[in-house]
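Since the model is a prediction, treat every value here as computed from it, not as a measurement. Lettering of chains follows the sequences in order, A, B, ..., and the numbering in each one begins at 1.
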There are 2 protein chains.
Amino acid sequence: MKILIIEDERELAQSIATYLTDENYRCEMAATYDDAISKIDIYSYDCILLDLMLPGGDGLKVLEELKRLQKQDGVIIISAKDSLEDKIAGLHTGADDYLAKPFHLSELGARIYSVIRRKQFGNSNILQVNELKIDIPAKKVMVSDKPVTLTKKEFDLLVFLIGNKNRVISKAALAEHLSGDMADMLDNHDFVYAHIKNLKKKLSEAGCTDYIKTAYGMGYKWEQ
Amino acid sequence: MKILIIEDERELAQSIATYLTDENYRCEMAATYDDAISKIDIYSYDCILLDLMLPGGDGLKVLEELKRLQKQDGVIIISAKDSLEDKIAGLHTGADDYLAKPFHLSELGARIYSVIRRKQFGNSNILQVNELKIDIPAKKVMVSDKPVTLTKKEFDLLVFLIGNKNRVISKAALAEHLSGDMADMLDNHDFVYAHIKNLKKKLSEAGCTDYIKTAYGMGYKWEQ
DNA sequence: TCAGCCCATGAAAATCCTCATCATAGAAGA
DNA sequence: TCTTCTATGATGAGGATTTTCATGGGCTGA
């Protein structure tokens, strides 16, 4: 489970990160608007903690960017004051929850858990792309109502590509997502080729072709 | 994020700076030993890139100076040769990571990211437990200075257990950590048994026993 | 003591990663 | 424009790792 903490007060961000790491989440941090935007452009998170008061730009624009990218990341706004306008604006722009500072870390933990759970078990967890249907909580894939059995990595790859549809994802980013390890950004990424190939093969055998495009020298893309 | 590049080859320093600036870091450069010392005396950096072969003084002395000043700056050594002695000396003197020339800029970027992140989370890079030594960036484990080869999951498990030493970790938490997937909190966790068993076996074959305790009905614990 | 759950273990199956080889896109130059 | 060259991607096979499964032993509470 990956969390992005968008927060410019370093001490707060760090104590949140420490707490969440203890709770077995993987955390990343962004301290500025630009940093936040570049991270959400590249990666996907299970939950994003968003401070609305950011140096370099309005936090609400981060929400708009998420929406524009059609990202499914859960978002919890953490705002300096319990401003009703902020709350309404935030929830309206696509946030999943709202938490006013100061808050207890355990409360934050509970909210995160609930956002992720809602995302996982809610109705929005079935992706449908023409003849392709993906039930994320159940980890099942159907093509024209016939089941296709994918391995865990293949399934992850598929969901990740679709979650970033029409955008090229670099091989390194795919490698990192699949291995869950930043260190693997460094080594060789041959295994990505293998998973792409196997996924393409299984999908096309089921009659679902031409979605995964190779962007030579850049990565792969789900095109729709 | 501020980076100090201590490197006398001007072209290399410049191309690193250009790359890192693109990645939204602020860069400063030092081309000589004296220049480096005066900069670290005055300023603090999120990460320092240190070439050990410097005109005017040994790069390791820069590390000693940092230590003397009790600075917390992260340090990545970029060494002309892939010399084991350099690595060991560097890491012992307080560097956070090392990188042998020539390297890809993206690799450097990943290491910087990881060093900064680790600093934020307060983790260190080499764990030592009596006869057991773990080099996290290199993913190497030694028992009484003899290498032990662990698989990725075994390594992850070991680091996670030690990172929570003297605390019982539930099987579900271990399962989630190893699989990187919250959904696996629900299913069966038999594979944890297998990894625990294999890790115990490899460690004890190397002469490192009795650290991993089973807490019946509750989980496992690294006891020290 | 005994029942019932929990863990340990070995082996087999499934999955994943690596490696060597081949194919192809894009770049560079004629 | 055509050819050649180089880096990148595709592919299949093999080995390594991970996960599952079945069986047996041990802990704990009644």
Participant: Apply the salt bridge (charged side-chain N to carboxylate O under 4.0 Å, His left out) test between A:Glu154 and each candidate in A:Lys200, A:Lys197, A:Lys202, A:Lys139; give the one that qualifies.
Facilitator: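 Single salt bridge (charged side-chain N to carboxylate O under 4.0 Å, His left out) partner of A:Glu154 among A:Lys200, A:Lys197, A:Lys202, A:Lys139: A:Lys202.
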Participant: Looking at the base of D:dG12, is there any donor atom on it, or on the side chain of A:Lys197, that sits under 3.5 Å from an acceptor on the other one?
Facilitator: yes
Participant: Figure out the CD1/P separation between B:Ile212 and C:dT9, and round it to whole Å.
Facilitator: 12 Å
Participant: Just N and O in the side chain of A:Thr214: are any of them under 4.0 Å from OP1 or OP2 of D:dA10?
Facilitator: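 Looking at the OP1 and OP2 atoms of D:dA10, one of them is under 4.0 Å from a side-chain N or O of A:Thr214.
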Participant: Provide, to the nearest angstrom, the distance between the CE atom belonging to B:Met218 and the C1' atom belonging to C:dC5.
Facilitator: 16 Å
Participant: For B:Leu174 and D:dT18, give me the distance from atom CG to atom P, rounded to whole Å.
Facilitator: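 These atoms are roughly 15 Å apart.
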Participant: Output yes when a side-chain donor or acceptor of B:Asn164 lies under 3.5 Å from a complementary backbone atom of B:Arg167, and no otherwise.
Facilitator: no
Participant: Just list the side-chain donor-acceptor pairs under 3.5 Å for residues 216-223 of chain A, sequence neighbours left out, or say none.
Facilitator:
unit_1	atom_1	unit_2	atom_2	d
A:Lys221	NZ	A:Glu223	OE1	3.0
A:Trp222	NE1	A:Gln224	OE1	3.1

Participant: Please write out each protein N/O paired with an N/O of nucleotides 19-29 of chain D under 3.5 Å, distance rounded to 0.1 Å.
Facilitator:
unit_1	atom_1	unit_2	atom_2	d
D:dT19	OP2	B:His195	NE2	2.9
D:dG26	N2	B:Tyr216	OH	2.7
D:dC27	O2	B:Tyr216	OH	3.3

Participant: Using a cut-off of less than 4.0 Å, is there contact between a side-chain N or O of B:Tyr193 and OP1 or OP2 of C:dC7?
Facilitator: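 For C:dC7, OP1 or OP2 has a side-chain N or O of B:Tyr193 closer than 4.0 Å.
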Participant: Tell me whether the side-chain N/O atoms of B:Lys200 come closer than 4.0 Å to OP1 or OP2 in C:dA8.
Facilitator: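 Checking B:Lys200 against C:dA8: at least one side-chain N or O falls below 4.0 Å of OP1 or OP2.
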Participant: Given 3.5 Å as the limit, does a donor-acceptor pair link the side chain of B:Thr32 with the main chain of B:Asp35, or not?
Facilitator: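 Yes, the answer is positive, given that a donor and an acceptor are paired below the 3.5 Å cut-off.
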Participant: To the nearest angstrom, how far is A:Leu199 atom CG from C:dT15 atom P?
Facilitator: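 Roughly 14 Å, once rounded to whole Å.
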Participant: Figure out the NZ/P separation between A:Lys171 and C:dT18, and round it to whole Å.
Facilitator: 12 Å
Participant: Is the number of heavy atoms from other residues, nucleotides or ligands within 6.0 Å of NZ (A:Lys61) greater than 12?
Facilitator: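 Not more than 12 within 6.0 Å, no.
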Participant: Given atom CZ of B:Phe155 and atom P of D:dT17, what is their separation to the nearest angstrom?
Facilitator: 15 Å
Participant: Under a 3.5 Å distance rule, please check whether B:Lys213 uses its side chain to pair with a backbone N or O of B:Asn166 as donor and acceptor.
Facilitator: no
Participant: Need to verify one output field. Residue with the more 5' nearest nucleotide on DNA chain C, A:Thr151 or B:Lys201?
Facilitator: B:Lys201
Participant: Does the side chain of A:Tyr45 come under 3.5 Å of the side chain of A:Glu28 through a donor N or O and an acceptor N or O?
Facilitator: yes
